[in-house]
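Computed from a predicted model, the values in this text were never measured in an experiment. The residues of the chain are indexed from 1 along the displayed sequence.
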Amino acid sequence: MSSWKKAAKASQKTHRERHQPESRQHLGLLEKKKDYIARAKDFHEKQKTIKLLRKRVLNRNPDEFYFHMINSQVENGIHREKDKDDTSTPEQIRLMQTQDIRYVAHKRNLEAKKIDKLQSQLHMIDTANETKNKHIFFLDDSKEVKNFDLAQRLDTHPALLSRRTNRPKLSRLKTMKLPELDDTALSKIEQKKHMAYKELQKRIDRERELTVVQQKLEMQGALKDKKITKPKLIRSGTKDSAPIYKWKFERKR
């Protein structure tokens, strides 16, 4: 753009749109040109959509049918599925609920067996090593205290002093055939051990969740028994525990 055009454009006056007169304030804000453009664009898009829908209606197959036409309806402008009546008998419903409880109990038993297997393999050695305890040595004189060597007293290697379990003596270490391990092999062993403990924790949490689900299902089944009087709620259920009810004592015949 040349210099004279820039100067002419800069000298032009910026015309602002007028505001709503005070006598027409009760009619709301005065529509500006940008508001009109947005409203006109929205209007034309809606007209195109309506035209497309009319074209599809004219071109549709009159014999077309699928079951969703009669299994759904529009309520308050929202498309919803129709509620289907449950044709199951009370005996069938009770049986299905029993199967659910049995399935949850079965999965919980599987998780408990896997937890026992992992615990038997890991032996929780790290937990034992982290447990704080004391081992007192009694010495005769101060000279012996000054020259006291804990590794020599326990007859083990100094690298094994931090262990509280699996701490063999030097005589045992000489007879043991230990593989030569480098830093890479040791890191892989440590990683495998970490993953094993992580899997154990996940299975413990899973078994706890299944126990809560089983307790809640059993409580729901007990509450649906109409032959028993309505119990009193002692504590509401949470995500970690089932609700607690107290039934009135009834003498059995």
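In this structure, the separation between NZ on Lys117 and CD on Gln119 is 13.5 Å, given to the nearest 0.5 Å. One distance of note links NZ of Lys216 with CD1 of Ile101; it measures 14.0 Å at 0.5 Å rounding. Rounded to the nearest 0.5 angstrom, Leu217 CG and Tyr103 OH are separated by 12.5 Å. One distance of note links CD of Gln220 with CG of Asp100; it measures 10.0 Å at 0.5 Å rounding. The CD atom of Glu111 sits 10.5 Å away from the CD1 atom of Ile204 when rounded to the nearest 0.5 Å. Atom CD of Glu81 and atom CD of Glu75 lie 11.0 Å apart (nearest 0.5 Å).
In this model, no donor atom of one side chain and acceptor atom of the other lie less than 3.5 Å apart for Arg80 and Gln73.
Screening residues 50-74 for salt bridge (charged side-chain N to carboxylate O under 4.0 Å, His left out) gives no qualifying pairs among residues at least two apart or on separate chains. For residues 36-62, the set of pairs meeting the ring pair (Phe, Tyr, Trp, His ring centres under 6.0 Å) definition, not counting sequence neighbours, is empty.
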Test Arg208 against Asp205 for salt bridge (Lys or Arg N to Asp or Glu O under 4.0 Å), laying out the working first.
CA-CA 5 Å; Arg208 189 183 299 112; Asp205 296 340; 3.0 Å; yes
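For Asn109, the side-chain contact (heavy atoms from CB on, under 4.5 Å) criterion is met by no residue, not counting sequence neighbours. Judged as a side-chain contact (heavy atoms from CB on, under 4.5 Å), and not counting sequence neighbours, Leu58 has no contacts. Applying the side chain to side chain donor-acceptor pair (under 3.5 Å) test to Arg235 and every residue at least two apart in sequence or in another chain returns nothing. In this structure His79 satisfies the side-chain contact (heavy atoms from CB on, under 4.5 Å) test together with His68, Ser72, Val74, sequence neighbours excluded. Partners of Thr238 according to the side chain to side chain donor-acceptor pair (under 3.5 Å) rule, which considers only residues two or more places apart in sequence or in another chain, are Ser241. Applying the salt bridge (Lys or Arg N to Asp or Glu O under 4.0 Å) rule to Glu31 yields the partners Arg39; only residues at least two apart in sequence or on another chain are considered. When the side chain to side chain donor-acceptor pair (under 3.5 Å) test is applied to Gln20, no partner is found at least two apart in sequence or on another chain. The side chain to side chain donor-acceptor pair (under 3.5 Å) test applied to Lys46 returns Asp42, not counting sequence neighbours. In this structure, the side-chain contact (heavy atoms from CB on, under 4.5 Å) partners of Tyr245, at least two apart in sequence or on a different chain, are Met219, Leu223, Pro231, Leu233, Pro243, Trp247.
A donor-acceptor contact shorter than 3.5 Å links the side chain of Asp35 to the backbone of Lys32.
Other members of the cluster containing Phe67 are Phe65, Tyr66, Met69, Ile70, with ILVMFWY side chains joined at under 4.5 Å, either directly or via other members.
Here the side chains of His19 and Leu30 are not in contact, with every heavy-atom distance at 4.5 Å or above.
The environment of CG in Asn76 is sparse: at most 12 heavy-atom neighbours from other residues, nucleotides or ligands sit within 6.0 Å. In the displayed structure, Glu22 atom CD is contacted under 6.0 Å by at most 12 heavy atoms of other residues, nucleotides or ligands.
With salt bridges taken as basic N to acidic carboxylate O contacts below 4.0 Å, one links Arg203 and Glu199.
Tracing side-chain contacts under 4.5 Å through hydrophobic residues (I, L, V, M, F, W, Y), one never reaches Val212 starting from Val104; they form parts of separate clusters.
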